[in-house]
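Below is one structure, written out as structure tokens; comments come after it.
When a residue number appears, it is its place in the shown sequence, counting from 1.
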Amino acid sequence: MSRFLNPRLAHLEVYTPGEQPQDQVYTKLNTNESPYPAAPEVVAAIDAEQVRNLRLYSDPVCRPLIEKLAQVYGLHPNQVFVSNGSDDILNFAFWAFAGQPGKAAYPDVTYGFYQVFADLHQVEANVIPLQADFSVRVEDYLNLGQMIVLANPNAQVGRALTRAEMERIIAANPDHVVVVDEAYVDFGAESCVPLIDRYPNLLVVQTFSKSRSLAGARLGFALGSAELIADLNRLKYSTNPYNVNRLTMAAGVAALEAADYYAKNCRAIQETRAWTVQALEALGFTVVPSLANFVLAAHKTVDGETIYRELKRRGILVRHFTAPRIANYNRITIGSPEQMALLVQTLGEIL
Ligand SMILES: *Cc1c(COP(=O)(O)O)cnc(C)c1O
């Protein structure tokens, strides 16, 4: 840290992304990427002409992408916002909607970035413990009088509330924004998108990174009332209007046209998830029920840190968190059937 850094930023605890080691080829089950490549339509959408056209700025409005998203989700284009990954949108949401003085509620075990954005924007965090089984108790979020941020399915955990449960929370906090982070919704949970027209305080955030195999392209979107979307655009146009680059926009439009391809991949991941859960339980793991493309699993006798380390030594990366409540667990991304078979075989050897 230099002596020039604004003291306000000196205590910021930065987000630690999952390892992306470049030294050897690992079986990567640590950052919830898709095991399947981007759709053929996406590959075809980017050609030499597109690359030559990078001399031009991108379209700040992203009209083709906004219109396509509006069509896919049954909304008006003014209810759609796109940005450079959903992390970018979550950052804007903490900045825009936490109030003055800022306050935000979210669970103790969830996406680690919420804490970073809260710190960054000097938002006081109301960290609400999950129940013993790692589920969100709806009653904890009623009439809170502050912004609420819930990943559904929840990050790290995989459990999801139903749409009816989410609606109770959204309806009980009409004067505050409820951000529903649906990064994993395409793997089997119920989306809150159908509630948007009834609740002007609801902001649904989704991403192309997980279910649409585009983590490296950096494309996220938010769906909500026209007022909330206009607020997000104020921040985008006050920071970086070109934050979706030309190649990413072309990739995003093409991905939306490949809906069948991605639906098939999401079904495959759900089947592989069911197989993996059974195999892990047979090896003596406790697995938290998941509707996401990962499972959180702890072994009955061998601790989480040891399992993480022994897997890494054998070329398989999973995600181990040191937060006390989940330190004995590992979060394992659901990859291809072959990758999961290798994981299970390797775990058998370790145990
Ligand atoms: C992966 C993830 C994100 C980040 O998505 P990007 O669009 O790649 O920035 C946001 N929220 C949750 C819960 C995630 O797991």
Check whether any side-chain N or O of [X] sits under 3.5 Å from a backbone N or O of [Y] as a donor-acceptor pair, and report yes or no.
{"X": "Tyr262", "Y": "Arg212", "result": "yes"}
{"X": "Arg168", "Y": "Val138", "result": "no"}
{"X": "Asn201", "Y": "His176", "result": "yes"}
{"X": "Arg273", "Y": "Phe187", "result": "yes"}
{"X": "Asp59", "Y": "Arg63", "result": "yes"}
{"X": "Gln270", "Y": "Cys266", "result": "yes"}
{"X": "Arg325", "Y": "Pro129", "result": "no"}
{"X": "Ser34", "Y": "Ser213", "result": "no"}
{"X": "Asn328", "Y": "Gly304", "result": "yes"}
{"X": "Arg137", "Y": "Leu130", "result": "no"}

Please round to the nearest 0.5 Å and tell me the distance separating atom [atom1] of [X] and atom [atom2] of [Y].
{"X": "Leu161", "Y": "Ser135", "atom1": "CG", "atom2": "OG", "value": "8.0 Å"}
{"X": "Lys68", "Y": "Tyr73", "atom1": "NZ", "atom2": "OH", "value": "11.5 Å"}
{"X": "Leu214", "Y": "Thr207", "atom1": "CG", "atom2": "OG1", "value": "8.5 Å"}
{"X": "Leu296", "Y": "Gln156", "atom1": "CG", "atom2": "CD", "value": "8.0 Å"}
{"X": "Leu223", "Y": "Leu195", "atom1": "CG", "atom2": "CG", "value": "12.0 Å"}

Judged by modelled atom types alone, do [X] and [Y] share a side-chain donor-acceptor pair under 3.5 Å?
{"X": "Gln345", "Y": "Glu349", "value": "yes"}
{"X": "His299", "Y": "Thr301", "value": "yes"}
{"X": "Asn30", "Y": "Tyr308", "value": "no"}
{"X": "Gln339", "Y": "Lys28", "value": "no"}
{"X": "Gln79", "Y": "Asp197", "value": "yes"}
{"X": "Asn32", "Y": "Tyr184", "value": "yes"}

Are any non-hydrogen side-chain atoms of [X] and [Y] less than 4.5 angstrom apart?
{"X": "His121", "Y": "Asn91", "value": "yes"}
{"X": "Val277", "Y": "Pro289", "value": "no"}
{"X": "Thr27", "Y": "Leu343", "value": "no"}
{"X": "Phe92", "Y": "Thr239", "value": "yes"}
{"X": "Glu124", "Y": "Pro101", "value": "no"}
{"X": "Lys312", "Y": "Glu19", "value": "yes"}
{"X": "Arg218", "Y": "Asn243", "value": "no"}
{"X": "Leu291", "Y": "Glu190", "value": "no"}

May I ask you to say whether Glu310 pairs ionically with Arg314, meaning some side-chain N is under 4.0 Å from a carboxylate O? yes

Please set out all donor-acceptor pairs under 3.5 angstrom arising from side-chain atoms of residues 4-11, sequence neighbours excluded.
from, atom 1, to, atom 2, distance (Å)
Asn6, OD1, Arg8, N, 2.8
Arg8, NH1, Leu120, O, 3.4

Mind checking whether Tyr329 and Phe134 have parallel, tilted or perpendicular rings, split at 30° and 60°? perpendicular

For the residue pair Tyr261 and Tyr36, is the inter-centroid distance of their aromatic rings smaller than 6.0 Å? no

Sub-6.0 Å ring centroid separation between Tyr106 and Phe117: no

Within a reach of under 6.0 Å around OH of Tyr57, are more than 12 heavy atoms found that belong to other residues, nucleotides or ligands? no

If you count the non-hydrogen atoms of other residues, nucleotides and ligands that lie under 6.0 Å from CD in Glu13, is the total more than 12?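 At most 12 heavy atoms, drawn from other residues, nucleotides or ligands, come within 6.0 Å of this atom.
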
Kindly list each side-chain donor-acceptor pair under 3.5 angstrom involving residues 38-47, sequence neighbours excluded, with atom names and distances?
from, atom 1, to, atom 2, distance (Å)
Asp47, OD1, Glu49, N, 3.2
Asp47, OD1, Gln50, N, 2.9

Would Val80 and Glu67 count as a side-chain contact (heavy atoms from CB on, under 4.5 Å) here? Give the steps. CA-CA 8 Å; Val80 183; Glu67 285 182 352; over 6 Å; no

